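Heavy-atom basis, side chains included; hydrogens, waters and symmetry copies ignored. Residues: numbered from 1 along the sequence shown. Quick caveat: nothing in here was measured; it's all calculated off a predicted structure.
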Amino acid sequence: MSVVKELYQLQEVELEIESDEQALAQIASQLGASQAVVRTRTELELKQQQLEELGRQQHSAEWEIEDLVNKLATAEEKLYSGRIKDPKELTNLQHEVDGLRVRRNQLEGKALEIMDQVELSTASVAALSNELKTLEAEWHSQQQRLSANMEQLKTTLSDLKHKRQLLSANIDPQAIELYQELKKQRGRAVAKVEQGICRGCRILLPTTELQRARGDSLVQCSSCGRILFLT
Ligand SMILES: [Zn+2]
């Protein structure tokens, strides 16, 4: 095999290593906690706290109503019993009963409002809880998939690096040195030649240069300096 072809193969392997390493870094950045899961969990906790608070308000309203209903029953019983004869006392009692009824109606209205809020809040907690379950399941399977991909990439990379080592060891050290230098300067050291054009810089190569490159010798593009590889 010509040294140019060996260098070209080395370049192909190194490009593959580069792209696999990028893919690996991409995966590494996706591994770990999911922002969507964390956000939804926080939101759910907040909604659950709101629901608990509403539950407490509902209970205390119910207790208060029960207390009022008892007081009202006692007052009404007294009012309609016929035991009270004094008109002033009767008027006062009537006022007390009226006041208790107004307060009871107000509280019952408030209790209904709270009940509506509890209903809405319960539905919202259930919806968020379902959303969280879905997000967690998606996240879990995504993490598993990423981990599997990562393992596969690591194996591929280790194989490729071994291949690079074997290739490099076989190539003339001076050619490797030139290759490394060009790689540093140009990104890619070896350029394919297609239809007389250097694919590195897209310049039509002089016939003499093409003829020299056709031989076994290492020829650099007169325009971009890359090592020319004729397929
Ligand atoms: Zn060129």
**Student:** Can you list every pair that meets salt bridge (Lys or Arg N to Asp or Glu O under 4.0 Å) and has a residue in residues 29-43, with sequence neighbours left out?
**Tutor:**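 Checked against salt bridge (Lys or Arg N to Asp or Glu O under 4.0 Å) - neighbours excluded - the pairs reaching residues 29-43 are R41-E136.
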**Student:** Tell me the closest heavy-atom pair linking L167 and Q9, and the distance in Å.
**Tutor:**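 Heavy atoms only, the tightest pair is CD2-OE1, 3.6 Å.
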**Student:** Taking 4.0 angstrom as the limit, do E96 and K71 come out as a salt bridge?
**Tutor:**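 A salt bridge is absent here (no side-chain N lies under 4.0 Å from a carboxylate O).
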**Student:** May I ask you to test the L128-T40 pair for a side-chain heavy-atom distance under 4.5 Å?
**Tutor:**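 They are in contact (side-chain heavy atoms under 4.5 Å apart), so the answer is yes.
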**Student:** Would you confirm whether R103, through its side chain, and L68, through its main-chain N or O, come within 3.5 Å as a donor-acceptor pair?
**Tutor:**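 No: the side chain of R103 does not pair with the backbone of L68.
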**Student:** Can you list every pair that meets ring pair (Phe, Tyr, Trp, His ring centres under 6.0 Å) and has a residue in residues 201-231, with sequence neighbours left out?
**Tutor:**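 Of all non-adjacent pairs touching residues 201-231, those that pass ring pair (Phe, Tyr, Trp, His ring centres under 6.0 Å) are Y8-F229.
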**Student:** Can you tell if the side chain of V37 reaches within under 4.5 Å of the side chain of L132, non-hydrogen atoms only?
**Tutor:**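 Of all side-chain heavy-atom pairs linking L132 with V37, at least one is under 4.5 Å.
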**Student:** What do the steps show when you test L7 against L178 for side chain to side chain contact (heavy atoms under 4.5 Å, CB included), and what is the final call?
**Tutor:** CA-CA 10 Å; L7 286 174; L178 175 64; over 6 Å; no
**Student:** Hey, are E77 and R83 close enough for a salt bridge, meaning a charged N less than 4.0 Å from a carboxylate O?
**Tutor:**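 R83 and E77: salt-bridged.
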**Student:** Check whether more than 12 heavy atoms from other residues, nucleotides or ligands sit under 6.0 Å from atom CD of E177, and answer yes or no.
**Tutor:**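 Not buried by this count: 12 neighbours or fewer within 6.0 Å.
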**Student:** Could you check K184, E6, E14 and say which one makes a side chain to side chain donor-acceptor pair (under 3.5 Å) with Y179?
**Tutor:**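 When side chain to side chain donor-acceptor pair (under 3.5 Å) is applied between Y179 and each of K184, E6, E14, only E14 qualifies.
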**Student:** Sub-3.5 Å donor-acceptor pair from the side chain of S158 to the main-chain atoms of K154, do we have one?
**Tutor:**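 Not at all, since once roles are kept as given, no pair shorter than 3.5 Å links the two residues.
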**Student:** For Q165, does the CD atom have more than 12 heavy-atom neighbours from other residues, nucleotides or ligands under 6.0 Å away?
**Tutor:**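 Counting other residues, nucleotides and ligands, CD of Q165 stays at 12 neighbours or fewer.
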**Student:** Looking at R188, is its backbone amide N or carbonyl O close enough to the side chain of R226 to form a donor-acceptor pair, meaning the two atoms are under 3.5 Å apart?
**Tutor:**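 Side chain of R226 to backbone of R188, a donor-acceptor pair under 3.5 Å: yes, one is there.
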**Student:** Above 12 or not: heavy atoms from other molecules or residues under 6.0 Å from CD of Q152?
**Tutor:**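 Incorrect, the count does not exceed 12.
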**Student:** Answer yes or no: is there a side-chain heavy-atom contact under 4.5 Å between R101 and V97?
**Tutor:**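 Side chain of R101 against side chain of V97, heavy atoms only: contact under 4.5 Å found.
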**Student:** Shortest non-hydrogen contact from L182 to G225?
**Tutor:**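 So the minimum-distance heavy-atom pair works out to CD2-O, 3.3 Å.
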**Student:** Answer with yes or no whether the side chains of E66 and N70 bring together a donor and an acceptor at under 3.5 Å.
**Tutor:**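 No pair is found: no donor N or O on one side chain lies under 3.5 Å from an acceptor on the other.
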**Student:** Identify the heavy atoms of A175 and V3 that sit nearest to each other, and give their distance.
**Tutor:**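 Shortest heavy-atom contact: CB-CG2, 3.8 Å.
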**Student:** Would you confirm whether S81, through its side chain, and K78, through its main-chain N or O, come within 3.5 Å as a donor-acceptor pair?
**Tutor:**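 Here the side-chain-to-backbone pair exists.
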**Student:** Do I203 and C224 come close enough that some side-chain heavy atom pair is under 4.5 Å?
**Tutor:**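 The answer is no; the side chains never approach within 4.5 Å.
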**Student:** Report the distance from atom CD of Q48 to atom OG of S129, rounding to the nearest 0.5 Å.
**Tutor:**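 Nearest 0.5 Å value for the CD-OG distance: 7.0 Å.
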**Student:** Can a donor-acceptor pair be found, under 3.5 Å and without considering hydrogens, that links the side chain of S124 to the backbone of L120?
**Tutor:**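 Between the backbone of L120 and the side chain of S124 there is no qualifying donor-acceptor contact (under 3.5 Å).
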**Student:** Evaluate the side chain to side chain contact (heavy atoms under 4.5 Å, CB included) criterion for residues I65 and V69: first the C-alpha distance (whole Å), next the side-chain angles of each, then the deciding distance (0.1 Å), finally the verdict.
**Tutor:** CA-CA 6 Å; I65 289 169; V69 166; 4.1 Å; yes
**Student:** Looking only at atom types and distance, does a side-chain atom of Q11 sit under 3.5 Å from a main-chain N or O of A189, one as donor and one as acceptor?
**Tutor:**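 A pair under 3.5 Å: yes.
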**Student:** Determine all donor-acceptor pairs shorter than 3.5 Å in which one atom belongs to a side chain in residues 51-61; sequence neighbours excluded.
**Tutor:**
from: E53; atom 1: OE1; to: R56; atom 2: NE; distance (Å): 3.3
from: E53; atom 1: OE1; to: R56; atom 2: NH2; distance (Å): 3.1
from: E53; atom 1: OE2; to: Q57; atom 2: NE2; distance (Å): 3.3
from: H59; atom 1: ND1; to: G55; atom 2: O; distance (Å): 3.2
from: S60; atom 1: OG; to: Q57; atom 2: O; distance (Å): 3.4

**Student:** Run the side-chain donor-acceptor check on residues 142-150: report pairs under 3.5 Å with partners two or more places apart or on a different chain.
**Tutor:**
from: Q143; atom 1: OE1; to: G32; atom 2: N; distance (Å): 3.0
from: Q143; atom 1: NE2; to: Q30; atom 2: O; distance (Å): 3.3
from: S147; atom 1: OG; to: Q143; atom 2: O; distance (Å): 2.9

**Student:** Mind checking who shares a hydrophobic cluster with L15, ILVMFWY linked at side-chain heavy-atom distances under 4.5 Å?
**Tutor:**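 Members other than L15 - counting any ILVMFWY side chain reachable under 4.5 Å - there are none.
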**Student:** Walk me through whether L205 and I197 qualify under side chain to side chain contact (heavy atoms under 4.5 Å, CB included).
**Tutor:** CA-CA 6 Å; L205 296 160; I197 292 167; over 6 Å; no
**Student:** One pair to check against side chain to side chain contact (heavy atoms under 4.5 Å, CB included): D172 and L218. What are the steps and the verdict?
**Tutor:** CA-CA 11 Å; D172 167 49; L218 198 149; over 6 Å; no
**Student:** Below 4.5 Å, heavy atoms only, C-beta onward: do L79 and I84 meet side chain to side chain?
**Tutor:**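 In short, these two side chains do not touch, never coming nearer than 4.5 Å.
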**Student:** How about T208 and R212: do any of their side-chain heavy atoms sit closer than 4.5 Å?
**Tutor:**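 They are not in contact (no side-chain heavy atoms under 4.5 Å apart), so the answer is no.
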**Student:** When you measure from the side chain of E16 to the backbone of L160, do you find a donor-acceptor pair of N or O atoms at a distance under 3.5 Å?
**Tutor:**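 Side chain of E16 to backbone of L160: no pair is present.
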**Student:** Can you tell me how far CD of E194 sits from CG of L230, rounded to the nearest 0.5 angstrom?
**Tutor:**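 Answer for the CG-CD pair, L230 versus E194, is 10.0 Å.
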**Student:** Is there any salt bridge (Lys or Arg N to Asp or Glu O under 4.0 Å) pair reaching into residues 20-33, and which pairs are they, with sequence neighbours excluded?
**Tutor:**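 Residue pairs with at least one partner in residues 20-33: E21-K161.
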